[in-house]
Amino acid sequence: MMAFTLELGLAVLLLLVFGASLGARGRDRRWIAWLATVGILVLGIVSAFLKPTPPALFGMFVQDGLAIFAKRLFLAATFIGLLGGISSDAVACGRRAGEYHLLILSSLLGMLVLASARDLILLFVAFELMSIPLYVLAGFLKRQDEAVEAALKFFLVGSVSSAVMAYGLSFVYGAARTTDLGGVAQAFVPGQPLVLLGLLAVFAGFAFKIAAFPFHMWVPDIYEAASTPFVAWLSVAPKAAGFVALFRVYFEGMGDRAATWVPIAAGLAAITIVAGNLMALPQQNTKRLLAYSGIAHIGYMLVGFAAASASGTAMVLFYLVAYVFGNMGAFLVVEAVARSEGSEATAALRGLAQRSPLLALAMLLFLLSLGGIPFVAGFWAKLYVFWAAAAAGLYWLVLLGALLTVVALFYYLLVAKRMYIEPPAAGAGPLRLPGTLALALILCALAVVGLGLYPKPVVMAALRVAAPLF
Amino acid sequence: MIRQLLSLIPELSIITWSPFVGALLIMFTARHRPRAVRWIAAVTTGLSAVLSIRVYAAYDYDTAGFQFYEKLPLVPPLGISYELGADGISLLMLLLTSIIIVAGVFASWTVKVRSQEFYALLLALVTGVYGVFVSLDLFVLFLFYELAVLPMYLLIGIWGSTGEVRPRGVFAWAFRETGVGTKEYAAMKLTLYLLFGSAFILVGILALYVNAGASSFSFLDFEASAFPRALQRWVFLAFYVGFGILAGIWPLHTWSPDGHASAPTAVSMLHAGVLMKLGAYGVVRVGMGLLPEGAADLAWLVGTVACVNIVYGALSSMAQTDLKYVIAYSSVSHMGLVMLGAATLTEPGLNGSVFQMFAHGVMTGLFFALVGLVYEKTHSREIGKMSGFGKTMPGIATAFTVGGLSSLGLPATAGFVAELLTFLGAWRSAHRWWLFAAVAGTFLTAVYVLRVAKQIFWGPPAREFHHLEDARGPEWVALVVLVFVLVLFGMVPGLAIAPVGTATVPLLARIVSP
């Protein structure tokens, strides 16, 4: 039972929220949001005391260090995302507050199971449990045409990718005659075509979920159309889950043979970095800008994946942590500004430094972190990923990645320019920031600066949990 | 007893962090008090200046090597530590930085708009510069390097002047899409070029770390390990490109004229005077110091590009009509001399290179201070419009002429010593023809410097400018200090050659006989 603490706890929370939404009356249902948020906080605190346990369910479900690390990250991201959404009146707390939170929590349940899945069937089921609520959530603003269009796009492309993944898994099963990931790893001999083909198809499915380059089309539209606190969460948590699943499928039990994936992963990383950064350049909408820059970040994480080593895996985990806080923070600033200005364009940030210096400073910190500048978390993230890749001999990829960070800094600095160099519009005063949103922003900023100044504990933890994979 | 206590003072750390403390004090205590802001800046940079003169005097020539050593482990499992030390080259650069920043603080005494943030950023930047010159840990060096580069973006973007900078090339395309002004264009171009360079530096450092197997980023550990020749070659190339961008090597120099022309006075002084030296220092210290075989193999490239720099920079300078652009392009030309001296791989050449870093730093700092003063009084930088200022502002005119004479290498100025040593080095090097480019550059320098000096200061006075006044109060401090240093080091070059020689001789010994 110890292995399922978090999953059971989350299931209880789901039922509570469900019951609450049945009993709720009136237009203001903010208390449901509070219930879900506090519940996630409690689960997060519980997760801090979790210890690795032996595999359960005949080895299908493992609660090892990697799973616990990932689950803590998911819970932290969900907490911040829900906290940032509490104050938004329209979506998260209106009449449909129950639905909104139920969907987020069930997707989270999918992620938690996914982080522990060590069996192809469980893995696939968890993946779908994570994804299907996301399709619904993407179209949650159902009266807006853009949201419906984006959700439909998301759903169609997502189902196709799931189908491709299932198709690939069938090949893998056919060759390995087992759904156990350890068994698959045993059956994987480089040069044996069937497993290779299957795992390639699965890789394409993963690439869709994490939004690597040719499979990224759904990202910008959804980010632009959906509500911002949800997007903040969508931009980090499912991708982190996708990476953990990638590690499980491709690294666990593979040992030296994991190196087969190096050229594929390195190639995918390279085009994702280049495409994401270049496509971000002309964006005028901050959320679309962050969407494309997010694609580029996935590319950087793939650099660490391409290193196919324990340190590479650990560095991706660290990157994920830095990315969660930096990216969510940036989205929440967009939310804060959009709420008072009614616009998500970069132009809405004009003169923010003279209107709300602290908010502008927070945004600057997030942007610098995303850009990989020293003294904030993102710098270490990029550095460690490059380091792992350099240790694996992928110097060309490191150089490419490092050069493209300059392109990334270009568009991040343009946003900084709007905030710091341009004067505010006449008569614009300080922004009003709801308390919960401010708290979420403070948490993100503290994490970004804290990790920037003292990354060691997280790095060491990541190294510790990644080591048993190889 | 007192001597022992004195030896416990971490001089280099105080020099490095004193401006940073000043920046923090300014941010937190001096809101809306411009006078307090300026005095905090003056005192903290003054402290650094006094201490850097002290360490310069206290350096022990006989033991040579890195002295005033400090070490504090930062991230032990990764081998990153806060390790500082200074040898002859670093000491001269510390002195240069101190002179320029003190002069810069006084030269921008009149900045009124958001002066609190201006001084805070300026001082943070200076901490980065000091840090690069004294770091012995490459990782920490990289952090300081970034700290020295990034504030520049805001400094130019906010306080820069919207002059005659015209966006061109790929940047023009990108900027059409975003619609930004010209100073933002210059700021962005400068920042991105330098970050582009830092990408190469980072890759180089990581490559050394992975291959050294020493599990430390210490310069001394890297120095002790022998890297294979092929690796040395490409890593040296990476460092050359990375640091070289900051040193303004052709064809990656185009950020420098635009950036310097748009920047406010103190920032131009600091950037042209010190930051470009940071690049040259990086090539010499990290590139040549750690990769002797790579440096020996690629010296032809470094020297040839330097020759292009000298001639191209001088020719471009002749063609400018904007006074600040003349100075900015002359920096490109002079930085060519610096790189040429280093590429000769001879003792006089390398000494000349380091001496030129110093001389050019002081000289160009002086020029930008003067241009700032002239612009403040006339609100024009068009050379053609200005005339006969020698009558109305004799002090400024004299200082400009001294700077100009040093620039073209007149004896008894610091520029002469630097150029003579570089010529000697070029003659003794494997590529004797470099000498012709160097001499041609000096000749062209004489043409454009004398043309400008004659037009602006010594021609017939223009009627519209008859009410101008000479420099006043704090502005004198900058001019007097800089002119004094130029002449002093020209008269007594041994002041600089002696400490520099203790560092360059062992460095060359490693390159010539690896």
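Order of the sequence lines fixes the chain letters, A, B, ..., with proteins taken first and strands second; residue numbering starts at 1 for each chain. Keep in mind the model is a prediction, meaning the values are calculated, not measured. No hydrogens, no waters, no symmetry mates; every other heavy atom, side chains included, goes into these values.
To the nearest 0.5 Å, the span separating CG on B/L154 from CG on A/L413 amounts to 8.0 Å. Summarising the geometry, atom CG belonging to B/L192 is positioned 10.0 Å from atom OG1 belonging to A/T405; distances are rounded to the nearest 0.5 Å.
Residue B/F139 touches chain A through its side chain alone, counting heavy-atom pairs closer than 4.5 Å. Contacts between A/F375 and chain B at a heavy-atom distance below 4.5 Å involve the side chain alone, from C-beta outward. Of the two parts of B/L202, only the side chain, counted from C-beta on, holds a non-hydrogen atom closer than 4.5 Å to a non-hydrogen atom of chain A. Neither the backbone nor the side chain of A/Y411 comes within contact range of chain B, judged by heavy atoms closer than 4.5 Å. Contacts between A/Q354 and chain B at a heavy-atom distance below 4.5 Å involve the side chain alone, from C-beta outward.
By the ring pair (Phe, Tyr, Trp, His ring centres under 6.0 Å) test, A/Y420 is found to be paired with no residue, residues two or more places apart in sequence or in another chain being considered.
Looking at heavy atoms from C-beta onward, B/Y193 lies out of side-chain contact with A/V406 at the 4.5 angstrom threshold. A 4.5 Å side-chain heavy-atom check between A/L409 and B/T191 finds every atom pair outside the cut-off.
Among A/P455, A/P374, A/A416, the residue with the largest count of heavy-atom pairs under 4.5 Å with chain B is A/P374.
For residues 363-372 of chain A, heavy-atom neighbours of chain B at less than 4.5 Å comprise no residues at all. Contacts between residues 391-401 of chain A and chain B, defined by a heavy-atom separation under 4.5 Å, are made by A/A391, A/Y395, A/V398, A/L399.
Nearest approach of B/Y153 to A/K417, heavy atoms of both residues: OH-CB, 3.2 Å.
Among residue pairs with one or both ends in residues 301-313 of chain A, those qualifying as side chain to side chain donor-acceptor pair (under 3.5 Å) are A/S309-A/S311; sequence neighbours excluded.
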